[in-house]
Amino acid sequence: MDKETRLRLAVQKSGRLTDPSLDLLNRCGLKLSRGKDQLLGFGENMPLDVLFVRDDDIPDLVQEDVCDLGLVGLNVLEERRLEMEARGAKASFQTLRTLDFGRCRLSLAVPEGTTFEGPASLSGKRIATTYPYTLAHYLRERNIKAEIVTLSGAVEIAPRLGRADLICDLVSTGSTLQANHLVEVETVLQSHAVLIRTPVPLPAIKNEWAERLLMRIDGVEQVKESKYIMLHAPRAALPAIRKLLPGSESPTIIPLEGSPERVVVHAVCRENVFWETLESLKKAGASAVLVLPVEKMLA
Ligand code: PRP
Ligand code: ZN
């Protein structure tokens, strides 16, 4: 695999980001061949290979230019950035895009039945976490002195083992907390997936493909919620109908053969179209309303 001509993208091997990351790449048109348990996926139709790694390793792989690009959670990225700052270094990976998946939050959670009256209640407490730098930053900003108990995993059982009074951990569905009788009380960081790139300039061929990939990612993100609406309407109802079409700039208006008073409206709506919208459109005079998913869009 030629480092001079093929882009290398780091993706989480198994976890919250794995499936949506692969789904995104798939929507961008990438065909990956990957043997079972293989660390490297080979891009068959693009000069782009995917390295499957632990998410915690992604910031360094990109920063050290082992990989050109990485898809990683903001939570992991922030923790690494603060850690480097604490060591007097500077994080140099560049964030290219904020992506609409991998949503979760880093939160403080206390054992059920504990009284918690805002961040001030944290004073003097022992907080178990795998995110010591992000937590320290949060506490520092609020002038709170608490003890951070840094663990490498299984944070949720720390209070029961008597190792901590509360925890600071990632929450997405909340089922881990619930199973461990913990209650979320404060959000420390809202997280989602981001695309990062190496600080090192890319050779021209790779750069061109990186740009193409970005454009496709933008296209994919754009159409996610987009719908194509077609409907018939009385010409007189057009102003009302245009107001009802969610997030559409300029609909196409086509005369309807044989009925001068009626037109056909085609519009791309950049927001989801709900039943309520259709009902309002109908009330405004629309008929023959058709809503189609948009597969690709290139602005
Ligand atoms: C986090 C966290 C919990 C779980 C919470 O781990 O440590 O175990 O997710 O999710 P839930 O609210 O849906 O139950 P993660 O899978 O991110 O592991 P990692 O930190 O090793 O990447
Ligand atoms: Zn991890």
Side-chain angles (χ1 to χ4, degrees), residues 9-24 37 39-41 50-64 66-67 69-84 86 91 93 95 98-112 114 116 122 125-139 146 148-196:
L9 166 72
V11 164
Q12 186 181 29
K13 187 168 51 185
S14 77
R16 168 185 347 274
L17 298 181
T18 310
D19 286 347
S21 298
L22 290 175
D23 185 51
L24 174 66
D37 303 323
L39 209 65
L40 202 78
V50 175
L51 195 67
F52 293 92
V53 292
R54 280 186 45 216
D55 61 346
D56 311 62
D57 295 335
I58 294 176
D60 284 3
L61 285 170
V62 173
Q63 165 134 330
E64 288 159 15
V66 177
C67 292
L69 302 166
L71 282 168
V72 65
L74 184 66
N75 53 310
V76 171
L77 208 60
E78 268 301 287
E79 178 68 12
R80 186 70 185 113
R81 190 180 66 78
L82 290 165
E83 180 178 2
M84 291 183 50
F93 32 73
T95 300
T98 285
L99 300 165
D100 193 24
F101 63 86
R103 296 206 173 270
C104 59
R105 54 205 182 268
L106 186 65
S107 286
L108 293 164
V110 300
E112 276 170 18
T114 313
F116 184 86
L122 298 169
K125 295 278 164 42
R126 294 168 304 155
I127 312 173
T129 191
T130 55
Y131 292 83
Y133 293 93
T134 313
L135 176 58
H137 178 80
Y138 172 91
L139 295 172
I148 298 174
V149 180
T150 304
L151 302 178
S152 57
V155 168
E156 60 276 6
I157 61 169
R160 256 184 299 154
L161 297 178
R163 298 184 71 182
D165 303 300
L166 69 152
I167 69 165
C168 172
D169 199 11
L170 283 189
V171 183
S172 62
T173 59
S175 63
T176 303
L177 291 186
Q178 203 177 14
N180 290 281
H181 306 283
L182 295 163
V183 185
E184 190 176 355
V185 287
E186 290 284 330
T187 307
V188 172
L189 177 79
Q190 288 284 358
S191 183
H192 48 77
V194 291
L195 177 69
I196 55 170

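From a predicted model like this one, the values you see are computed outputs, not experimental measurements. Counting starts at 1 for both ligands and their atoms, in listed order.
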Item to check | side-chain contact (heavy atoms from CB on, under 4.5 Å), paired with Leu108, selected from Ile167, Val171, Leu122 | outcome: Leu122
Next on the checklist: Below 4.0 Å, non-hydrogen atoms only: which portion of Asp55 touches ligand 1? Side chain, backbone, both or neither.
Outcome noted: side chain
Checklist entry - Should the heavy atoms of other residues, nucleotides or ligands under 6.0 Å from CZ of Arg163 be counted, would the total exceed 12? => result no
Item to check | Closest candidate by heavy atom, reference atom 11 (P) of ligand 1, pool Val171, Thr173, Leu17, Thr130 | outcome: Thr173
Item to check | Any non-hydrogen protein atom less than 4.0 Å away from atom 18 (O) of ligand 1 | outcome: no
Next on the checklist: Are more than 12 heavy atoms, taken from residues, nucleotides or ligands other than Gln178, located less than 6.0 Å from that residue's CD atom?
Outcome noted: no
Next on the checklist: My question is simple, although I want it checked carefully: is atom 9 (O) of ligand 1 less than 4.0 angstrom from any protein heavy atom?
Outcome noted: yes
Checklist entry - Where's the contact between Asp169 and ligand 1, heavy-atom distance under 4.0 Å: side chain, backbone, both or neither? => result side chain
Checklist outcome for this item: In Leu170, Asp57, Asp55, Val194, the residue satisfying side-chain contact (heavy atoms from CB on, under 4.5 Å) with Val76 is Asp55
Checklist entry - Taking the minimum heavy-atom distance to atom 5 (C) of ligand 1, which of Leu170, Ile167, Val76 ranks first? => result Leu170
Checklist entry - Are the side chains of Phe93 and Ile58 in touch, meaning some heavy atoms are under 4.5 Å apart? => result no
Checklist outcome for this item: Which of Thr129, Thr130, Thr134 passes side chain to side chain donor-acceptor pair (under 3.5 Å) with Glu79? It is Thr134
Item to check | From CA spacing to verdict: side-chain hydrogen bond (donor to acceptor under 3.5 Å, both in side chains), Glu184, Ser107 | outcome: CA-CA 6 Å; Glu184 190 176 355; Ser107 286; 2.7 Å; yes
Checklist entry - Can you name the closest pair of heavy atoms from Leu17 and Ala193 and give their distance? => result CD2-CB, 4.0 Å
Checklist entry - For Ser172 and ligand 1, does the shortest N/O to N/O distance drop below 3.5 Å? => result yes
Item to check | Ser21 side chain reached by Phe101 side chain, heavy atoms, under 4.5 Å | outcome: yes
Checklist outcome for this item: Gly174 heavy atoms within 4.0 Å reach ligand 1 at atoms 11 (P), 12 (O), 13 (O)
Checklist entry - Is Glu156 in polar range of ligand 1, meaning some N or O pair under 3.5 Å apart? => result no
Checklist entry - Can you check whether a protein heavy atom sits less than 4.0 angstrom from atom 21 (O) of ligand 1? => result no
Next on the checklist: Just to confirm my output: which protein heavy-atom neighbour is closest to atom 1 (C) of ligand 1, and how far is it?
Outcome noted: Arg16 NH2, 3.4 Å
Item to check | Proximal candidate to atom 14 (O) of ligand 1 [heavy atom criterion; set Leu106, Thr176, Leu177] | outcome: Thr176
Item to check | Three-point angle Asp56:OD1, the Zn ion (ligand 2), Asp55:OD1, rounded to the nearest 10° | outcome: 60°
